[in-house]
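Here's the structure we're looking at; comments come further down.
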Amino acid sequence: MSEKFDAIVVGAGASGNAAAYTLAKAGLKVLQLERGESSGSKNVQGAILYSDALERIIPDFRDDAPLERHLIEQRMWVLDDASFIGTHYRSEDFNKPPYNRYTIIRAQFDKWFSQKVQEAGALLICETTVSELLMDGERVIGVRTDREGGEVYADIVILADGVNSLLATKAGFHYEIAPKNVALAVKEIHFMPQETIESRFNVAGDAGVVIELAGKITKGMMGTGFLYTNKESLTIGVGCMLSDFKRQKITPHQLLEQMKEHPSIKPLIAGGEMKEYSAHLIPEGGYNAMPKLYGDGWMIVGDAGMFVNAVHREGSNMAMTTGRMAAETVIELKKAGKAMDEKHLAAYRTNLEDCFVLKDLKKYKNLHSVFHANPYFFNTYPELLNQAVHELIKVDGVDKKTKEKNIRHNFTRRRSLFGLVGDAYKLWRAFE
């Protein structure tokens, strides 16, 4: 395997497929390497597909992509041990095509995307591990695989090899990711009749609902849960920072099992048959934890570049957008006859800064450290908020002024006035 390509893409997830497709569609000679037995075989996601990101790559994707439900309602719940306080947003505008967001089954979707990549002209080789990058001094000139005669050369290597990015770490382009910057998420898929899902979530046809969950379900750890509707199944999961799991000495599986027993969640999944369980690392360090994204002969996209907006639970759109923009940068340099060196590849970072990707990550760059240092946001405040609402709603002969006084006393007793003001200030600064 000593052939020369215009580009080598390592990984066949959302970012790798986006990059390989865009490159191949432009007529470049592309090799895509995937260590799994097929695209999607080892990829895990909630999974929500954001149509805008994919539409910019494959405009007519809705014609044949394996989509589950288009989302018309977003729920956000903050839970204590026995209740939740939350908000719902449901819009009929989201129920009109072209739809904005969909739930998907990741394995099915990735196979479809991979087929599109191959139809565009890229060569995909699966069950192939890239052991290291080939270097000529400081410049990447190709990759070495575990196949016989497995050295392959290219003008550019795009690393879409996931959160660990072992290749970039081995080459010194990427630090070893810290436990405080990565979440460990687990999910299950529970199958049940379509009519049951539609009845429980008040939807019809292919419309769906997403519920984002926060609060005491994470046992004071920095993290969130989720519940998504598919056509004939529900996807439920929870994720917390790896450093918190180590500190709490609770397994992700135990955390998910406890979350499923919450009285507000248990009825929604009752009667379902669990047929799939998976776990995955998610890069959530944000802007301040991002590695260098390019250099002589190489670029990083997707999870490998820490491209996840944990606040809005956006990952697949950033993966596809970074993959596309990396490819577009290469295409433009090819057209201009310019070298794939660090100087010229800087256009990739510039383009990311001009779009939502780095703008959004930069906006929330300090929020990660605020939440990580303040477990009150994941145990004390959810409990106080739920107790406050419970007290106001309960009719027990106590006047409302006294109730309000009791609520204020409860907040200051549990967190102190200084603590409340300090926490509010930290949040304000983080969102500023």
Side-chain angles (χ1 to χ4, degrees), residues 40 43-51 62 64-97 99-112 185-218 224-239 252-280 313 316:
N43 297 324
V44 181
Q45 183 189 341
I48 292 180
L49 173 71
Y50 302 91
S51 62
R62 293 179 180 85
D64 57 356
L67 307 172
E68 290 291 305
R69 291 181 179 272
H70 63 273
L71 296 172
I72 66 169
E73 183 176 320
Q74 174 89 35
R75 304 179 188 177
M76 300 186 70
W77 291 1
V78 178
L79 305 98
D80 68 359
D81 292 324
S83 60
F84 75 86
I85 178 173
T87 63
H88 291 193
Y89 179 75
R90 181 172 181 138
S91 174
E92 190 59 24
D93 288 339
F94 285 146
N95 204 22
K96 300 172 183 177
Y99 304 119
N100 182 258
R101 297 183 303 163
Y102 299 86
T103 52
I104 58 173
I105 304 296
R106 183 68 188 268
Q108 298 173 6
F109 177 81
D110 280 12
K111 288 180 181 178
W112 169 86
V186 292
K187 75 164 189 177
E188 295 177 348
I189 297 183
H190 293 241
F191 286 80
M192 60 184 64
Q194 182 172 341
E195 54 270 22
T196 301
I197 294 172
E198 293 172 0
S199 174
R200 287 182 184 177
F201 292 88
N202 190 29
V203 292
D206 289 336
V209 173
V210 54
I211 307 177
E212 305 287 1
L213 307 162
K216 295 191 71 177
I217 54 168
T218 58
T224 55
F226 57 87
L227 178 61
Y228 303 155
T229 59
N230 304 314
K231 285 182 179 178
E232 295 182 329
S233 64
L234 299 176
T235 300
I236 184 169
V238 63
H253 176 71
Q254 290 171 332
L255 191 67
L256 178 57
E257 288 300 308
Q258 292 175 21
M259 189 183 87
K260 285 158 50 181
E261 290 298 313
H262 192 282
S264 297
I265 298 172
K266 188 174 182 178
L268 296 177
I269 62 174
E273 182 181 3
M274 196 273 282
K275 291 186 177 181
E276 181 180 322
Y277 176 88
S278 54
H280 187 56
R313 299 190 63 85
S316 64

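Heads up: numbering here begins at 1 and tracks the sequence.
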Review point. Regarding R62 and Y102, is there a side-chain donor-to-acceptor distance under 3.5 Å anywhere?
Key: yes

Revision key, fill the gap. Residue set satisfying side chain to side chain donor-acceptor pair (under 3.5 Å) with S83, at least two apart, ordered chain then number -> D80, N386

Study note, to complete from the structure: On a heavy-atom basis, the closest approach of L49 and L67 is CD2-CD2, 3.7 Å

Point to revise | From R75 atom CZ to H88 atom NE2, the distance as rounded to the nearest 0.5 Å | key: 4.5 Å

Review point. Are any side-chain N or O atoms of S316 and backbone N or O atoms of I48, one a donor and one an acceptor, separated by less than 3.5 Å?
Key: yes

Revision key, fill the gap. Across all chains, not counting sequence neighbours, the ring-ring contact (aromatic ring centres under 6.0 Å, His included) partners of F84 are W77

Review point. Distance from R106 atom CZ to I189 atom CD1, nearest 0.5 Å?
Key: 12.0 Å

Point to revise | N95 and E92: CA distance, side-chain angles, deciding distance, side-chain contact (heavy atoms from CB on, under 4.5 Å) verdict | key: CA-CA 5 Å; N95 204 22; E92 190 59 24; 3.2 Å; yes

Exercise for review: Using atom types as modelled and distance alone, determine if a side-chain donor or acceptor of E68 lies under 3.5 Å from a backbone N or O of K231.
Suggested key: yes

Check your understanding: Hey, does L234 have a side-chain heavy atom less than 4.5 Å from the side chain of T229?
Key -> yes

Review point. Partners of F191 by ring-ring contact (aromatic ring centres under 6.0 Å, His included), sequence neighbours excluded?
Key: none

Point to revise | Pairwise side-chain contact, H70 with K96, heavy-atom cut-off 4.5 Å (strictly under) | key: no

Exercise for review: Might you point out which heavy atoms bring T224 and T218 nearest each other, and give the distance in Å?
Suggested key: N-CG2, 4.0 Å

Exercise for review: Compare every heavy atom of L268 with every heavy atom of I211, then report the nearest pair and how far apart it is.
Suggested key: CD1-CD1, 4.0 Å

Practice item. To the nearest 0.5 Å, tell me how far M259 CE sits from I265 CD1. Key: 5.0 Å

Review point. For N100 and S51, which heavy atoms make the closest approach, and how far apart are they?
Key: O-OG, 2.8 Å

Point to revise | Flag, side chain of R101 to backbone of Y50, donor-acceptor distance under 3.5 Å | key: no

Review point. How about M192: does its CE atom have over 12 heavy atoms from other parts shown lying under 6.0 Å from it?
Key: yes

Review point. How about R90 and V203: do any of their side-chain heavy atoms sit closer than 4.5 Å?
Key: yes

Exercise for review: Return yes if some donor-acceptor pair links the side-chain N/O of R69 with the main-chain N/O of G205 below 3.5 Å, else return no.
Suggested key: yes

Review point. Which is it for Y277 and H253 under the side-chain contact (heavy atoms from CB on, under 4.5 Å) test, yes or no, and what are the steps along the way?
Key: CA-CA 10 Å; Y277 176 88; H253 176 71; 3.6 Å; yes

Review point. Less than 4.5 Å apart, any side-chain heavy atom of V186 and any of V238?
Key: yes

Practice item. If the plane angle is over 60° it's perpendicular, under 30° parallel, otherwise tilted; pick one for Y89 and F94. Key: perpendicular

Review point. Side chains of V210 and Q74: does their closest heavy-atom pair fall under 4.5 Å?
Key: yes

Review point. Would you say the side chain of I217 lies within less than 4.5 Å of the side chain of Q258, judging by non-hydrogen atoms?
Key: no

Point to revise | Inter-residue atom distance Y228.OH - E212.CD, 0.5 Å rounding | key: 4.0 Å

Point to revise | I105 CD1 to K111 NZ distance, which is reported to the nearest 0.5 Å | key: 12.5 Å

Study note, to complete from the structure: Rounded to the nearest 0.5 Å, the CG atom of L255 sits from the NZ atom of K260 at a distance of 11.5 Å

